[in-house]
2 protein chains.
Amino acid sequence: MEISSSALRLPFLFLLVPLLLFFLLSPWNPLHNLSGGGDSAGRRTQFPPKSLTSISPPPAEPRSPPRNPLDPLTVGEIHRVRSILSSYQPFLHHFPSIQSMSLDEPDKSRVLGWKSGDPIPPRKAFVIALLDNQSHLLTIDLDSGRVETHEISSGSGYPMLTMEDVVAAVQTAVSYPELEASAAARGLSVANLSCISPSPGWFGPDEEGKRILKVLCFSKQGTPNFYMRPLEGLVMTVDVDRREVLQFSDTGKGIPIPGRANTDYRFRPGNKPPEMERINPISMEQPRGPSFTVTDGHLVKWANWEFHLKPDQRAGLVVSRVVVRDSETGAARSVMYKGFPSELFVPYMDADEGWYFKSYMDAGEFGLGATAMPLVPLNDCPRNAYYMDGIFVSADGQPFVQSNMICLFERYAGDAAWRHSELTVSSGGQELREARAKVTLVARMAASVGNYDYTFDWEFQTDGLIKITVSLSGMLMVKGTVHDNMNQVQNQDEMGPLVSENAIGVVHDHFITFHLDMDVDGPNNTFVKVNLVKEENVEGKTPRKSYLKPKRHVAKTEDDARIKLSLYDPSEFHVVNPSRRSRLGNPSGYKVVPGGNAASLLDHSDPPQLRSAFTNNQVIWVTPYNRSELWAGGLLVYQSHGDDTLDVWSQRNREIEDRDVVLWYTLGFHHVPCQEDFPVMPTVAASFQLKPVNFFERNPILTARPVFEEDLPVCRPSESASII
Amino acid sequence: MEISSSALRLPFLFLLVPLLLFFLLSPWNPLHNLSGGGDSAGRRTQFPPKSLTSISPPPAEPRSPPRNPLDPLTVGEIHRVRSILSSYQPFLHHFPSIQSMSLDEPDKSRVLGWKSGDPIPPRKAFVIALLDNQSHLLTIDLDSGRVETHEISSGSGYPMLTMEDVVAAVQTAVSYPELEASAAARGLSVANLSCISPSPGWFGPDEEGKRILKVLCFSKQGTPNFYMRPLEGLVMTVDVDRREVLQFSDTGKGIPIPGRANTDYRFRPGNKPPEMERINPISMEQPRGPSFTVTDGHLVKWANWEFHLKPDQRAGLVVSRVVVRDSETGAARSVMYKGFPSELFVPYMDADEGWYFKSYMDAGEFGLGATAMPLVPLNDCPRNAYYMDGIFVSADGQPFVQSNMICLFERYAGDAAWRHSELTVSSGGQELREARAKVTLVARMAASVGNYDYTFDWEFQTDGLIKITVSLSGMLMVKGTVHDNMNQVQNQDEMGPLVSENAIGVVHDHFITFHLDMDVDGPNNTFVKVNLVKEENVEGKTPRKSYLKPKRHVAKTEDDARIKLSLYDPSEFHVVNPSRRSRLGNPSGYKVVPGGNAASLLDHSDPPQLRSAFTNNQVIWVTPYNRSELWAGGLLVYQSHGDDTLDVWSQRNREIEDRDVVLWYTLGFHHVPCQEDFPVMPTVAASFQLKPVNFFERNPILTARPVFEEDLPVCRPSESASII
């Protein structure tokens, strides 16, 4: 699969296209660097966090050998896999498109048995390749150079899309003759258009047996923010592999393209700033440098935490072997084997021809890591951040660098980790004013999946709590309309929210389902629902008529652990280790603490909901550990029919008590857009927590030291400082 | 009412007692300072935020005259009120106990008509005084020196308790002869005890016609954290005014007092720190100083925000006249007239004699401001914080200073206010990587209501969002038990969670109901419930079977606006100004965005729930503005019967469309304690947001400037820095 240079002059872009262009246009083309054996030292030159150059842990060397069984494939290993596949008999005549290539992690028992210094287990790669419309699943042993397993998928669904797929679809569409008339009807030429290629969902037999993408076009005239300027009603259905437009529909020639005024979000020194007083520079400062270390590129150690952190082309950011040190014994205790966002489902709420299919599954269709561009220092992450690159694989099997894709930083946000004030006579009139400043460690990445930006944070607290936050920003998908004022509209509920002249912000949801392989003090855990039940008191026994009592329900099977959140039937959700008791006899545990959330209300039989049936049940599922059950929407998600989802696996209602279990938590958002979301959305965030519950013998930070004035840095304003 | 000096040697303390002791023992006794006309300049000497001494706004001078109609009573005004009351005929022979004294705010219309520079409206005080078991409600005109209104309350309930009330109750109880035997039965003398005096709730006629407090005792041997060492089963009921023990009950002589091991939470340099790597100093630095100003002691201006901030003895922290500047026109636009925590309800879930009554209403019973002790610099608030004092009133009508009670600081937590990444061909291959660092302004106070610490944050964002957070820390109320291990317990659900040897952490809830007098672009507002309804599609019209559609329901009356949160029947909650339309014709509005929450499940007929019926309906109520409806549990809450609650007012089902309305939001927590909460709880927080929705014409921070390296301070480690 080749991209001709003329293709680069075509006015298309979306999703992975920007990345592609980036690679091809950039003077420090990493594809070239790595495949050609060039020097990769320049990979960090784009955004040096200046103040950290001397104190940061040394950057990982992408060519250095793996040191940990979970380390992602290195550049050398990727080259080796490609070389093995090139001489693999079935691919000799036609090298397939590499839709994904990643480490085939060793068996969990093998990883758990491994200790630093041990030789690492045999390295294997898992490849999903596409050839002749068939998905080939291969495992390759890097040492022997052999293809160990090779299976052709017989289920529904195709592998993750590549940049090349997206480019092909757009290229096919923009060459389609009828497009010119559609552009002209709106006073434009094809050269004025930017076209994008969202995934089509799956809506029945017509769409089976071929890989299709929908192509939508926008006017890029006068703005980089083409998303705000749709050619409404224009939608092309493209066969990606045959490079053929299957359907061309344009029902919106009478709908004006929304204007470009106020759509540009780029900073220009001459921009008129918002009407407000300027804010003096403020910064998180840590002049002695960060307190964490990153060993061998991936092993993070900070305060009482240790975990393996790696970029992943599909999941984005994966934390593994999360271990916390016991506050008293210092022993390393397991909390979680693996955690990552398993799927992201984004259904739009509009039944029109150009909209009904919009029901993205971004992780499995486009890849959260694949769409994660470099974080912007000082604005995406603070000054004291350390950056980590991803080493990913393009469709031709070559490695490339996703630079500055993850940032890692310590956070002090001005809050207290605990506090109490009192004056006691028992201490001789001494004031008791105790408070402890809260400092945390944040691991962050941001995926720009086309219009939307998703920031994923894993935040570790010294009290043992892990907070997982997803923040949304970026652009709305807007729908063109003839209206430029709500007073022209009779039934306003029918239209949807007008966010700018001729632009409706279409209502949609976001659901992010996390795979959380909890191993609390070891793999064998039990899920306990601690239900808060109202007890009615016997008349006369007490003046109170009612109170709440926690009742523990051990989940024996998967059905017992399908949790729907309810404000009026509240529970706590514990993952405990029944074999590990505290000195008081309580089982060691972690609980899942939901925050603000939203549930999918779509029909369970609606095709998008079938495919994303992992959101049928909001908010928790628990399954027995199964090496192959990683992706809540299935391994092959693109155009899947929903035959390989968490909901399907879980129908077996397997036993889950006192075994190795995986907890799945879904974070949801309903988004009814408003004017403030135009032309770029202020960040909206939601989170949930994993919190120790009888895991420690007592408050693990009871004896933490407070901060004193003399500890803090000595700072002066920068002479060149501007006000912000 | 006088406190003899011998009382100070008695071993009691709780709730307001610590404050009292503080005032009387401290060398900088503010009661003395202010009542005796002494110098108050020393009030900030305890915790100088050193780096800020030169850049902080000048501290408010408590003797300076009020400059704003909403400014709290000054020291001089408090003296004047006391002097007026001293010569007021009904009080000539017996000066009453002043249970509360605060500014009687001018009528809202008068305040709204006032502009800076105008003479301030006549100053009035509202006093609640107790004399001969009657609650006297008085308004006093400070200019004329006249008592303008004087009413004796005929409803249920007593005014807020004073320190003197609490001291009297404990003093009475500890002098009670039988206590000695109870102490001795546990190997203690009365001198070893610390006793506290929680409020009794209200449970029927036996408790009417007199002010009662419950007194509970703890061993203070070997620990300042006596809360962890209860004399279980011992409870005394005291008539506060007659200083008489009405009932003495001790059913727990066989229950051991939990040990003192690991209960002390004080920092001592020799303490063994937790087992973890030390964290290098980290600080929020702003060497050019804060960007906000505090004018005339209370008027805060920052970025695009302006609001009046004042300490209040009952509500704690009150924000008023919250105004945001339009991002484009610069016009000052009203968001909220007044916001504060109106009541805090904490029911415990145990029916035993010593526990059933625990159903605190901390704001109306003890006062959130009255129990707010000085914040601890660098640990409760960051280095760049500015501190504000409260000027409150003691039972004898004299003013006192609640020093460093509020902190105000700008926060940069390392997050982005918005972001988007893209590469566009339309910009000539230029990378598009835009992100804007988020800086906010936080106003904070912390109330230590006996064992529990509540931190209240009002956080203002430049995008127009206000986030209100309540954080819980401090001590559990624990219940003594014969068990020191769960393996001794047959029915574990019956006992409750064992958090340390012989100590059960009793399950309880916290509900904080906020009074939010929204004035979005003016007083007349409408509450709109935007319900997200599932629409089923007509078969064949589209491949989709279902989608969500927002349906707007205008609330005509109070009944329409009683909102119960539901994950499966979701809505947005808008307060809009129907007369103020955007250029697109959308009404200007703010929405309430709930976060994690919990609902009260107690019987509506249960006495605690009757009294806190404002939590019958979780999560929103809307009422028409009524000057007298400030306190969700009633004006006189202590021992009230629930005849003056938000639920009662709202029964009238008044019209609320297009009028001045008040929105009430309840933030709830269920707390099932665990070992980690012992002996002091790691902070738990929940929040909700007020978010602009079609208030601005577009994203108001679209043109905000990013942060550049050269803006940031130049810092070096302090030479004396320790690791934390």
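Computed over heavy atoms, backbone and side chain alike; hydrogens, waters and symmetry mates excluded. A note on names: the letters A, B, ... follow the listed sequences, proteins ahead of strands, and every chain is numbered from 1.
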Asker: What part of B:Val507 is in contact with chain A, defined as an atom under 4.5 angstrom from a non-hydrogen atom: side chain, backbone, both or neither?
Answerer: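 Answer is side chain: those atoms of B:Val507 sit under 4.5 Å from chain A.
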Asker: Which one of B:Leu498, B:Val680, B:Ile701, B:Asp509 has the most heavy-atom pairs closer than 4.5 Å to chain A?
Answerer: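 Ranked by heavy-atom pairs under 4.5 Å with chain A, first place is B:Val680.
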Asker: To the nearest 0.5 Å, tell me how far A:Thr542 OG1 sits from B:Phe203 CZ.
Answerer: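 Taking OG1 in A:Thr542 and CZ in B:Phe203, the distance rounds to 7.0 Å.
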Asker: Counting only heavy atoms closer than 4.5 Å, note whether B:Met284 contacts chain A via side chain, backbone, both or neither.
Answerer: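 Answer is both: backbone and side chain atoms of B:Met284 are under 4.5 Å from chain A.
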Asker: With a 4.5 angstrom heavy-atom cut-off, which part of A:Glu328 approaches chain B: side chain, backbone, both or neither?
Answerer: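 For A:Glu328, backbone heavy atoms alone lie under 4.5 Å from chain B.
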Asker: Where on B:Glu697 is there a heavy atom nearer than 4.5 Å to chain A: the side chain, the backbone, both, or neither?
Answerer: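 B:Glu697 touches chain A through backbone and side-chain heavy atoms alike.
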Asker: Quick check: does any side chain N or O of B:Asn280 sit under 3.5 Å from a backbone N or O of A:Gly289, one acting as donor and the other as acceptor?
Answerer: yes
Asker: Rounded to the nearest 0.5 Å, what separates atom CH2 in A:Trp418 from atom CG in B:Asp453?
Answerer: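 Going from the CH2 atom of A:Trp418 to the CG atom of B:Asp453 covers 10.0 Å.
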Asker: Counting only heavy atoms closer than 4.5 Å, note whether B:Phe267 contacts chain A via side chain, backbone, both or neither.
Answerer: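 Both the backbone and the side chain of B:Phe267 come within 4.5 Å of chain A.
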Asker: Report yes or no: does B:Arg288 contribute a side-chain atom to a donor-acceptor pair with the main-chain N or O of A:Pro717 at less than 3.5 Å?
Answerer: no
Asker: Checking the side chain of B:Arg544 only, and the main-chain atoms of A:Tyr356 only, is there a donor and an acceptor separated by less than 3.5 Å?
Answerer: yes
Asker: Could B:Asp493 and A:Lys549 be called an ion pair, given the rule that one side-chain N must be under 4.0 Å from one carboxylate O?
Answerer: no
Asker: Checking B:Asn699 side chain against A:Pro679 main chain: does a donor-acceptor pair fall under 3.5 Å?
Answerer: no
Asker: Looking at B:Pro700, B:Gly595, B:Pro682, which makes the most heavy-atom pairs under 4.5 Å with chain A?
Answerer: B:Pro682
Asker: Does any N or O in the side chain of B:Thr683 come within less than 3.5 Å of the main-chain N or O of A:Ala416, such that one atom is a donor and the other an acceptor?
Answerer: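 Confirmed, B:Thr683 side chain pairs with A:Ala416 backbone.
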Asker: If we ignore hydrogens and angles and just use 3.5 Å, is the side chain of B:Ser718 paired with the main-chain N or O of A:Glu710 as donor and acceptor?
Answerer: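 Pair found, side chain donor or acceptor close to backbone of A:Glu710.
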Asker: On a heavy-atom basis, which atom in B:Asp484 and which in A:Leu584 lie closest, and how many Å separate them?
Answerer: O-CD2, 3.6 Å
Asker: What residues form a side chain to side chain contact (heavy atoms under 4.5 Å, CB included) with B:Leu601, not counting sequence neighbours?
Answerer: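 Scan of B:Leu601 (side chain to side chain contact (heavy atoms under 4.5 Å, CB included), adjacent residues dropped) gives A:Leu548, A:Tyr568, A:Pro570.
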Asker: Can you tell me how far apart CE (A:Met276) and OG1 (B:Thr462) are? Round to the nearest 0.5 Å.
Answerer: 5.0 Å
Asker: Rounded at 0.5 Å granularity, tell me how far CG in B:Asp380 sits from CZ in A:Arg436.
Answerer: 10.5 Å
Asker: Please check if the side chain of A:Gln675 supplies one atom and the backbone of B:Val693 the other of a donor-acceptor pair under 3.5 Å.
Answerer: no
Asker: I'd like to verify something: which residue of B:Ser473, B:Ala437, B:Ser546, B:Pro550 has the highest number of heavy-atom pairs under 4.5 Å with chain A?
Answerer: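 Answer, by heavy-atom pair count under 4.5 Å with chain A: B:Ser546.
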Asker: Which atoms of B:Asp463 are under 4.5 Å from chain A, going by heavy atoms: the side chain, the backbone, both sets, or neither?
Answerer: side chain
Asker: Kindly say whether A:Phe695 contributes a backbone atom to a donor-acceptor pair with the side chain of B:Glu676 at under 3.5 angstrom?
Answerer: yes
Asker: For B:Ser566, is it the side chain, the backbone, both or neither that has a heavy atom under 4.5 Å from a heavy atom of chain A?
Answerer: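 The answer is neither part of B:Ser566.
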Asker: Identify which part of A:Lys272 has an atom lying under 4.5 Å from any heavy atom of chain B, answering side chain, backbone, both or neither.
Answerer: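 For A:Lys272, backbone and side chain are both near chain B.
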Asker: When rounded to the nearest 0.5 angstrom, what is the spacing between CD in A:Glu277 and NZ in B:Lys301?
Answerer: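 Spacing of CD (A:Glu277) from NZ (B:Lys301) equals 8.5 Å.
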Asker: Search all heavy atoms of A:Leu567 against all heavy atoms of B:Gln618 and return the closest pair with its distance.
Answerer: CD2-CG, 3.7 Å
Asker: Working to the nearest 0.5 angstrom, can you tell me the gap between B:Glu275 CD and A:Asn304 CG?
Answerer: 10.0 Å
Asker: A:Pro594, A:Ala435, A:Cys381: which one forms the most heavy-atom pairs within less than 4.5 Å of chain B?
Answerer: A:Ala435
Asker: Please work out which of the three classes, parallel, tilted or perpendicular, describes the rings of B:His420 and A:Tyr265, given edges at 30° and 60°.
Answerer: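 Because their plane-to-plane angle is over 60°, the rings of A:Tyr265 and B:His420 count as perpendicular.
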Asker: Using a 4.5 angstrom heavy-atom cutoff, name the option from A:Ala446, A:Ser500, A:Pro608 with the most pairs to chain B.
Answerer: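 That would be A:Ser500.
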Asker: Select one option (side chain, backbone, both, neither) describing which atoms of A:Thr455 are under 4.5 Å from chain B's heavy atoms.
Answerer: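 Side chain of A:Thr455 only, per the 4.5 Å heavy-atom cut-off to chain B.
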Asker: Can you say whether B:Lys551 sits under 4.5 Å from chain A via the side chain, the backbone, both, or neither, judging by heavy atoms?
Answerer: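 Contact with chain A involves both backbone and side-chain atoms of B:Lys551.
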Asker: For a 4.5 angstrom cut-off between non-hydrogen side-chain atoms, does B:Pro382 reach A:Tyr412?
Answerer: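 They are in contact (side-chain heavy atoms under 4.5 Å apart), so the answer is yes.
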Asker: What closest approach, in Å, do A:Leu532 and B:Val672 show between heavy atoms, and which atom pair accounts for it?
Answerer: CD2-CG2, 3.9 Å
Asker: When only pairs under 4.5 Å are counted, which of B:Glu572, B:Glu501, B:Met681 shares the most heavy-atom pairs with chain A?
Answerer: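 Between B:Glu572, B:Glu501, B:Met681, the count favours B:Glu501.
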Asker: Quick check for you: among B:Ser582, B:Ser605, B:Pro274, B:Ala598, which has the greatest number of heavy-atom pairs under 4.5 Å with chain A?
Answerer: B:Pro274
Asker: Relative to chain A, which segment of B:Pro607 carries a heavy atom at a distance below 4.5 Å: side chain, backbone, both, or neither?
Answerer: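 Just the side chain, heavy atoms under 4.5 Å.
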Asker: Are B:Phe678 and A:Leu702 packed together at the side-chain level, in the sense that at least one heavy-atom pair is separated by less than 4.5 angstrom?
Answerer: no
Asker: Charged N to carboxylate O below 4.0 Å: is that the case for A:Arg411 and B:Asp415?
Answerer: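 Yes.
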Asker: Identify the heavy atoms of A:Pro374 and B:Ser421 that sit nearest to each other, and give their distance.
Answerer: O-OG, 4.4 Å
Asker: Where do A:Ile282 and B:Glu410 come nearest, in terms of heavy atoms and distance?
Answerer: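 Heavy-atom minimum between the residues: CD1-O, 3.4 Å.
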Asker: Could you have a look at A:Pro713, A:Gly596, A:Gly474 and say which one has the most heavy-atom pairs with chain B under 4.5 angstrom?
Answerer: A:Pro713
Asker: Could you tell me which portion of B:Ala599 (side chain, backbone, both or neither) has an atom closer than 4.5 angstrom to a non-hydrogen atom of chain A?
Answerer: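 Both backbone and side chain.
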Asker: Does any backbone or side-chain atom of B:Ala351 lie under 4.5 Å from a heavy atom of chain A? Answer side chain, backbone, both or neither.
Answerer: both
Asker: Please determine, among A:Asn586, A:Asn597, A:Asn487, A:Leu565, the option with the most heavy-atom pairs under 4.5 Å with chain B.
Answerer: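 Option with the top pair count is A:Asn586.
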Asker: Contact between A:Glu434 and B:Val376 at the side-chain level, heavy atoms closer than 4.5 Å - yes or no?
Answerer: no
Asker: With respect to chain B, which residue among A:Pro273, A:Gly330, A:Ser283 yields the maximal number of heavy-atom pairs within a distance under 4.5 Å?
Answerer: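 Ranked by contacts with chain B, first place is A:Ser283.
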Asker: Find the one option among A:Asn262, A:Asn379, A:Asn271 whose heavy-atom pairs under 4.5 Å with chain B are most numerous.
Answerer: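 Looking at each option in turn, the highest pair count goes to A:Asn379.
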Asker: Quick one: closest heavy-atom pair of B:Met486 and A:Gly585, and the distance?
Answerer: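 Heavy atoms only, the tightest pair is CB-O, 3.8 Å.
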Asker: Need one label for A:Ala303: side chain, backbone, both or neither, based on atoms under 4.5 Å from any heavy atom in chain B.
Answerer: both
Asker: Would you sort out whether A:Arg419 and B:Ser448 count as a side chain to side chain contact (heavy atoms under 4.5 Å, CB included), showing the intermediate values?
Answerer: CA-CA 9 Å; A:Arg419 82 176 312 279; B:Ser448 297; 3.4 Å; yes
Asker: Can you tell whether the side chains of A:Asp603 and B:Lys545 come within less than 4.0 Å, N to carboxylate O?
Answerer: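 Judged by the 4.0 Å cut-off on N to carboxylate O distance, A:Asp603 and B:Lys545 do not form a salt bridge.
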